[in-house]
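For the single chain, residues carry numbers from 1 onward in sequence order.
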Amino acid sequence: MNFCYSLIAQCAHTKSLTTLRALHCHVIKSGSSYLTSGGHKLIHGYIKCGSLDDARKLFDEMPNRHIVTWNSMISSHVSYGRSREALGLYGNMLVEGVLPDAYTFSAIFKAFAEMGVLSHGQRAHGLAVVLGLEVLDGFVASALVDMYAKFGRMRDAGLVFQRVSDKDVVLCTALIVGYSQHGFNGEALEVFEDMVDRGVKANEYTLASVLISCGNLGDLVTGQLIHGLVVKSGLESVVASQTSLLTMYSKCGMVEDSMKVFNHLAYASQVTWTSFIVGLVQNGREEVAVSIFREMMRCSMSPNPFTLSSILQACSSLAMLEVGEQVHAITLKTGVGGNKYVGAALINLYGKCGYVDKARCVFELGHEPNGMTFMSILLACKNAGLVEEGCKIFSSIRNNHSIELTKDHFACMIDLLGRSKRVEEAAKLIEEVRNPDVVLWRTLLNACWIHGEVEMAEKILRKINELAPGDGGTHVLLTNLYASAGKWNQVIEMKSTIRDLKLKKSPAMSWVDVDREVHTFMAGDFSHPRAHEIFNTLHDLVEKVKILGYNPDTRFVLQHLDDDEKKLSSLYYHSEKLAIAFALWKTGSRKTSIRIFKNLRVCGDCHSWIKFVSLLTGRDIIARDANRFHHFKGGICSCKDYW
């Protein structure tokens, strides 16, 4: 008998299923009563070898089954993701009159959560109370808290937690994880503080969850204190801690600190890479995110849908269409092209680039469209100036009762109609929105500025003043509208109002990245070390594009200047023109793309000028402004002049 025990233990240790089956056959042929007295050992061996089917077959043949064997079968089925069978075993156990113990409950509560059967879990909870196991055993209490947390029943989880007198780290962590996952971040920190006060030592999962809560709350001070505790506990190299530290610093806007954490990692898992990339994108560091993604791919680390959707978002922000198409290919290769987050990100990318056909192809991949998907399609129509198509999409959303129209959908449609001179229709659309906010009215005001609709703009100003009297952007926009219409008295009045309200206007600024060095320009800026070369290049470009048909549009001179020459000088020295002139001078005969960023909207004159420059130089120029991105190539813009 002892010899059989030894052989079974050896098979379990080496996971030798074939040998174990042979031993089982030998026991049966020998007619030994071993199955009656030691069958549970064979079952344990089969479980260790990963063969639940062999274990179940033997279990069903056993005449007498001890609670230990029942528990082994139930817990192993839960561990292998076969919770439905585990629940069946639990039911059979009760029918046979075998009362569950603490180990049974600690396994079966997890199965109830995974199968989504709350009522069954509550009945089992009642039985645990009757048997006196609910709060007297830490394993049972922890499993109960975890089950209720997974059902989102945090009040029930908290009540179980409060009834336990001897709270250990497992129980505390179960509640902290639940609170963190369901947005009760303040409560998670309270439980952690109480845990520390009682001298309970946190483990890696406790610290990881508390760090996530600190990030969600933007509580950098507490997050840094817990980082110190992570280091002191020797858990800095643990994957859960690494990922949570990255997430915490990113959510607190401390990108440099998250980079330090990442750069000190000996090994980064897929989750860690993804967390870092997501944090970079959320903090506006898209270029770094793309660089990190490339490094991730070089390390042969497969991206998951969250990685891919985040990097596609970065490509959208940077107007990196070619990189986005490469990422699209990766989504198809890895089989996640149908993922709803990836699909929405792809539609958003192609929509912002004005490639409606490609956006539509992604839309028809087969995944169920949601509100964000339709939003991206509407955005694509807006960027490409496809008014009728946009109207059809908007109408289809209205008729789709499973998708709720949001203010974002209305804002996109109002912008689409307004830019196409259908201002009255856009105004009527706002009336359909319950409690329209400042964003919607300002979107319509922007359309009035484009088309010189002064009277309607003044009505909109009154609406906005009712909602947000000190909205600086509105006053500046109306000032620009008066200036472009030549109503200088009104301009003076508006500027006086802006001063009285102490509103601040952001100065127009443009950035260009040349040879990995970012250069910043402001309108009429003469401070750049290469100002002489920049202005020479700019004047040369202006004269050459005039020959091609460029005609300066002085409507975009937003200052009261009597002299026409002064008006032209003011127009020529806009920040985006200076940035492009510098990039062309610096890169010489290279045919690389030029990428500029502007904090405000590119004006109509600059838009026209850049088109001619792209035709003249044969260079692709990609401009990202506060409203959208423009891809200029061969004298044509991706927005099709729908700027």
Side-chain angles (χ1 to χ4, degrees), residues 253 255-256 259 279-293 311 313-324 349 352-353 383 473 476 504-538 541-542 556 558 570-588 590-611 613-614 617 619-633 637-639 643:
V255 180
E256 301 302 326
M259 287 182 175
L280 289 168
V281 174
Q282 289 174 342
N283 282 279
R285 303 293 287 272
E286 291 90 351
E287 288 191 1
V288 181
V290 171
S291 176
I292 294 297
F293 177 73
I311 210 65
Q313 183 181 337
C315 292
S316 298
S317 299
L318 295 171
M320 286 185 165
L321 178 60
E322 292 180 4
V323 177
L349 168 72
K352 283 188 175 179
C353 296
N383 288 343
V476 170
K504 292 184 179 180
K505 176 184 177 183
S506 300
M509 300 176 69
S510 294
W511 297 264
V512 63
D513 187 340
V514 180
D515 297 332
R516 297 189 177 182
E517 186 177 355
V518 177
H519 298 261
T520 305
F521 297 90
M522 295 176 68
D525 185 6
F526 293 88
S527 64
H528 195 279
R530 295 293 186 176
H532 179 73
E533 290 87 348
I534 293 170
F535 290 117
N536 282 343
T537 302
L538 181 55
L541 286 169
V542 168
F556 295 94
L558 303 179
S570 171
L571 203 60
Y572 294 158
Y573 297 148
H574 281 191
S575 62
E576 52 268 55
K577 289 188 176 84
L578 295 174
I580 290 171
F582 169 76
L584 288 169
W585 169 79
K586 184 70 174 176
T587 57
R590 280 184 266 170
K591 291 298 180 183
T592 51
S593 297
I594 295 172
R595 297 178 185 275
I596 69 165
F597 301 85
K598 187 177 181 183
N599 64 331
L600 303 179
R601 181 181 172 149
V602 173
C603 83
D605 177 73
C606 287
H607 187 272
S608 174
W609 181 82
I610 299 171
K611 284 200 303 179
V613 171
S614 70
T617 62
R619 303 279 287 271
D620 284 15
I621 302 174
I622 298 165
R624 184 74 170 94
D625 66 11
N627 184 58
R628 56 167 297 157
F629 100 89
H630 306 263
H631 188 167
F632 299 90
K633 184 174 184 177
C637 179
S638 59
C639 75
W643 60 275

On a heavy-atom basis, which atom in [X] and which in [Y] lie closest, and how many Å separate them?
X	Y	value
A581	T537	O-CG2, 3.6 Å
D625	V602	OD2-N, 3.1 Å
L578	F535	CD2-CE2, 3.4 Å
S510	E576	OG-N, 3.3 Å
C606	H574	SG-ND1, 3.4 Å
H631	I622	CD2-CG1, 3.8 Å

> Testing N283, V281, L280 for side-chain contact (heavy atoms from CB on, under 4.5 Å) with V288, which one passes?
Replying inline: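 Exactly one option meets the side-chain contact (heavy atoms from CB on, under 4.5 Å) with V288, and it is L280.
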For the [atom1] atom of [X] and the [atom2] atom of [Y], what is their distance to the nearest 0.5 Å?
X	Y	atom1	atom2	value
Q313	L349	CD	CG	11.0 Å
S614	R619	OG	CZ	11.5 Å
L584	E533	CG	CD	14.0 Å
I594	I610	CD1	CD1	10.0 Å
K586	R530	NZ	CZ	6.5 Å

>> Please evaluate residues D513 and H519 with respect to the criterion side-chain contact (heavy atoms from CB on, under 4.5 Å), reporting the C-alpha separation (whole Å), side-chain torsions for both, the decisive distance (0.1 Å), and the verdict.
In response: CA-CA 6 Å; D513 187 340; H519 298 261; over 6 Å; no
Taking side chain as C-beta onward, heavy atoms only, is [X] less than 4.5 Å from [Y]?
X	Y	value
I596	W511	no
H607	F632	yes
F597	V512	no
M259	V255	yes
M509	S575	no
F526	H528	no
V542	W609	yes
L538	K577	yes

> When you look at F582 and V514, which way does the side-chain contact (heavy atoms from CB on, under 4.5 Å) test go after all the steps?
Replying inline: CA-CA 9 Å; F582 169 76; V514 180; 4.1 Å; yes
>> Under a 4.0 Å threshold between the charged nitrogen and the carboxylate oxygen, would R285 count as salt-bridged to E256?
In response: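 A salt bridge is present here (some side-chain N lies under 4.0 Å from a carboxylate O).
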> Sequence neighbours excluded, which residues qualify as side chain to side chain contact (heavy atoms under 4.5 Å, CB included) partners of S608?
Replying inline: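 If we apply the side chain to side chain contact (heavy atoms under 4.5 Å, CB included) test to S608, skipping adjacent residues, the hits are Y550, F612.
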